[in-house]
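This report refers to the structure that appears directly beneath it.
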Amino acid sequence: MGLRAGAEAVGDSDAPLEAALTLYHRALAEELTPLAAAGSLTVMFVHTDGVDRAMAARIVLTSPEY
């Protein structure tokens, strides 16, 4: 089961989860190097489905730090 399963109960949109993860990534990037922040975020998604991994990758790749 991916992280989105709980979000589906409140709606079909991944926007709230994506927004929260974007804020989390920005906070990490302020404390760590961009590469370390990217690794810290994406490692949380190693055992999730492809949709969730793609969301994490999109957050990292569209980050203004890159």
Side-chain angles (χ1 to χ4, degrees):
M1 176 187 311
L3 292 177
R4 295 178 323 111
E8 290 172 2
V10 287
D12 291 338
S13 174
D14 289 337
L17 176 59
E18 189 167 354
L21 289 173
T22 299
L23 290 175
Y24 178 68
H25 180 258
R26 286 182 187 153
L28 285 174
E30 289 178 7
E31 298 295 322
L32 307 170
T33 66
L35 183 59
S40 295
L41 180 69
T42 56
V43 76
M44 295 187 316
F45 292 87
V46 170
H47 299 291
T48 62
D49 62 25
V51 173
D52 291 334
R53 283 194 305 274
M55 180 184 356
R58 183 173 56 254
I59 291 166
V60 169
L61 293 173
T62 59
S63 171
E65 286 84 18
Y66 302 104

Separation of E31 CD from R26 CZ (nearest 0.5 Å): 15.5 Å

Hphob cluster co-occupancy, M44 + M55, side-chain heavy atoms under 4.5 angstrom: yes

Salt bridge (charged side-chain N to carboxylate O under 4.0 Å, His left out) involving R58 - partner list, sequence neighbours excluded: E18

Of D14, D52, L41, the residue whose pairing with L21 passes side-chain contact (heavy atoms from CB on, under 4.5 Å): L41

Derivation and outcome, side chain to side chain contact (heavy atoms under 4.5 Å, CB included), residues T42 and F45: CA-CA 5 Å; T42 56; F45 292 87; 5.6 Å; no

L32: partners by side chain to side chain contact (heavy atoms under 4.5 Å, CB included), with sequence neighbours left out: L28, A36, S40

